[in-house]
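We count ligands from 1, going down the list as the structure has it; atoms in each ligand are counted the same way.
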Amino acid sequence: MIRPAELIQRKRDGGELSAAEVTELVLAYARDEVPDYQMAAFCMAVFFRGLTAAETDALTDALIRSGDTVDLSPIGRRIVDKHSTGGVGDKTSIVLGPVVAACGVPFAKMSGRGLGHTGGTLDKLESIPGFRVELEIDEFLAQVREVGMAIVSTTADLVPADKRLYGLRDVTGTVDIIPLIASSIMSKKIAGGADAIVLDVKVGDGAFMKTVESARELAAAMVELGRRAGREVVCELTDMDQPLGRAVGNALEVREAVETLRGDGPPDLVELVVGAAGHLLALSDLGIDESEGRRRAQQTLTDGTGIAAYEGWVEAQGGDPNLDALATAPVTKPVPAPQSDYVQAIATTAVGEAALHLGAGRVRKEDAIDHAVGILCRAKRGDRVEQGQPLAEVHARDEETATRAVAEVTAAYTLGEEPPEPQPLVLDVLA
Ligand code: URA
């Protein structure tokens with residue numbers, strides 16, 4: 001029997017735990033035999049001392065073993081999945097899934113809800129009337145086989161120890177710890193059953209990882225965990241120093257995703273989708289390389305096959321794919337530029353928080369979401385704006401919340417006489 005206090009002390013003093021000790025600690029925690037206060041102390045010791053690759057692997061494995069895993073092999077194909085560490089305006093999966101499916105590659109994704117200022121794919125999908133995110137595993141498999149894709153909620157039995165641990169970390173200052181983030185994400189991806197995974201690690205103001213160096217460290221840890229579990233993983237580091245695309249907020253983002261699938265998307269979103277699809281198609285069983293993958297992905301955005309795949313998918317999950325079905329907010333207000341200048345920076349977290357205050361996200365876990373509200377960033381970094389021209393547009397439930405959001409979004413934009421240095425969207429790729 002392990003003594004948690006001894007393991008906490010050893011980690012606190014810079015020692016290493018054996019794989020068996022890590023496993024026992026995590027599984028005992030999952031069985032309620034280790035209390036939250038000891039697990040919190042352990043996480044804090046990890047914050048200061050880190051985990052070795054072997055400890056991180058043991059932690060990931062124990063998290064997976066705390067619950068069920070999904071076996072996608074009955075589909076009989078190589079299955080691909082994608083995950084983002086979370087950003088503002090990140091609706092990539094809603095475009096990428098149909099693009100990949102339209103190219104003939106099965107896409108099976110289990111997704112999460114929004115966290116703090118970052119939105120979650122499930123919340124976005126639930127702005128589509130009728131859309132069901134909770135499918136039984138059998139339904140999930142059947143849909144991937146028949147329709148080519150599914151995006152569903154993770155089940156309560158998938159990596160339950162991570163749910164508990166994440167909740168604990170969230171309130172004990174132990175979220176932003178690279179080995180804990182890597183094992184949390186990869187345990188869910190590995191348990192989700194896909195053979196090949198593209199990870200999008202967001203970097204910048206709106207992301208967990210504020211610097212390219214820390215993002216690279218997280219990426220390397222996740223690629224290694226995937227390799228140890230026999231999964232192919234490609235990790236892209238992408239810019240989150242401004243919202244992705246223009247729309248921030250659930251129904252607004254679905255609308256933008258649909259416009260993108262119709263060939264009319266914002267350039268950064270298109271670039272990200274085509275790049276990620278290139279990697280996924282190259283990792284699939286099609287036997288093509290990345291540049292051919294990109295070419296085929298690009299084609300689905302203009303030949304109607306991407307939007308057709310979207311409609312088939314949404315209908316299969318009970319949703320109405322018609323854009324007119326999406327909720328719209330009763331109050332819209334422009335955010336005028338205070339002077340004529342270049343957009344030098346957009347404080348991305350502040351835009352995410354403004355959307356949160358409008359009701360697009362949750363302050364507490366049990367809060368309901370207003371799917372209609374959000375922000376459209378009309379001007380992006382590097383754009384020239386004239387005084388009075390809209391920097392953005394606020395979509396709100398009422399005048400009061402709209403006025404507050406206009407002030408918040410105005411403050412989030414930094415304008416200046418000089419255009420900023422151009423910044424690439426994809427900062428690095430690790431495989
Ligand atoms: N996302 C996760 O799933 N886990 C983390 O620890 C951080 C982000």
Pairs touching residues 124-153 that satisfy ring pair (Phe, Tyr, Trp, His ring centres under 6.0 Å), sequence neighbours left out | F131-W313
To which of K163, R169, K188 does the heavy atom nearest atom 3 (O) of ligand 1 belong?
-> K188
Option with minimal heavy-atom separation from atom 1 (N) of ligand 1, where the choices are I185, D176, L218, T154 = I185
Is any side-chain N of the basic residue among D239 and R381 closer than 4.0 Å to the acidic one's carboxylate O?
-> yes
Using a plain distance cutoff, I'd like to know if [X] has any nitrogen or oxygen under 3.5 Å from a nitrogen or oxygen of ligand 1.
X    : value
Y166 : no
S184 : yes
H83  : no

Are any side-chain N or O atoms of D162 and backbone N or O atoms of L63, one a donor and one an acceptor, separated by less than 3.5 Å?
-> no
Residues that R262 engages under side chain to side chain donor-acceptor pair (under 3.5 Å), provided they are two or more places apart = none
Calculate, to the nearest 0.5 Å, the distance between atoms CG and CD1 belonging to D81 and I190 respectively.
-> 11.5 Å
